[in-house]
Amino acid sequence: MKKLIAGNWKMHTTLAEARELARGIVQGLGEAPRPEVAVAPPYTALAAVADVLAGTPVHLAAQDVFWEEKGAFTGAISPLMLVDVGCRLVIVGHSERRQHFGETDATVNRKVKAALKAGLAPIVCVGETLAQREEGRTLAVVERQIREGLAELPADAGARLVIAYEPVWAIGTGRTATPAQAQEVHAFIRTLLPGVLGTARVRILYGGSVTPDNAAALLAEPDIDGALVGGASLMAASFLAIIAAA
Ligand code: PEP
């Protein structure tokens, strides 16, 4: 399975900054065999970054999506709008959405279904908090997120869907899961997938303070199929170094 390195720009970048960052990534990619690459700018910069990425191998992703196709949902963006602007992927259920915007496994499930229906590849984020890990509940929490977030999907969902294991305590904290900690959860998720999606051949990304220094060791684990990168994706040089490590 080809690895996927995805950059989550979160609530960063003006239009000018977004164009410059996208250009830096495209120009630095080179011709060497590389993983699949995607970037997720904020909504306001999607169209501008789509222009920069046109004709390049870098995919455009969004950071969230609503489940309705259109209607009176002030502030929301539909899957069809994301397809229209050029998105191939969309992050769903990021822990920051769960923490600050009331995302639940039930809303994640609605968004995943809507994204798939529109032809998008959802990157579905799961992961435990520090308290849950310390209570020994990591696998139970992740299992619930997977079973409820990915419930009742179409039979072919596994071909497009991507999962990102992102321990909440590792996101934006500089505290990365060790390769062994990440591998343990990835392998566990993989065992759940035949029952949930009908296949275990689904990319499982690791996310949580991935940097050029720790990327190679994480990506060498057998069940780590790529990375979802926050902070280190905001500079072309560090994002490119992570891509090179894959
Ligand atoms: C993320 O936003 O998904 C993330 C993993 O952030 P960071 O790399 O900054 O921890």
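Scope of the values below: all heavy atoms of this structure, side chains included, with no hydrogens, waters or symmetry mates. All residue numbers in this chain count up from 1 along the given sequence. If you're wondering where the values come from, they're calculated on a predicted model, not measured in any experiment. Indexing begins at 1, ligand by ligand and atom by atom, following the structure's order.
Under the side chain to side chain donor-acceptor pair (under 3.5 Å) criterion, Arg147 pairs with Glu143, sequence neighbours left out.
Among protein residues, Asn8, Lys10, His94, Glu166, Ala170, Ile171, Gly172, Gly207, Gly208, Ser209, Leu228, Val229, Gly230, Gly231 come within 4.0 Å of ligand 1, judged on heavy atoms.
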Expected list for residues 36-49: side-chain donor-acceptor pairs under 3.5 angstrom, two or more places apart:
unit_1, atom_1, unit_2, atom_2, d
Glu36, OE1, His59, NE2, 2.9
Glu36, OE2, Arg203, NH2, 2.7
Tyr43, OH, Asp64, O, 2.6

Identify each donor-acceptor pair in which a side-chain atom of residues 226-237 lies under 3.5 Å from a protein atom, sequence neighbours left out, and give them as a table.
unit_1, atom_1, unit_2, atom_2, d
Ser233, OG, Val229, O, 3.2
Ser233, OG, Gly230, O, 2.7

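Without hydrogens or angle criteria, Thr173 side chain to Trp169 main chain gives a donor-acceptor distance under 3.5 Å. Counting only distance, with no hydrogens or angles, the side chain of Arg190 and the backbone of Val202 share a donor-acceptor pair below 3.5 Å.
Taking CG of Leu82 as the reference point, atom CZ of Arg88 lies at 14.0 Å (rounded to 0.5 Å).
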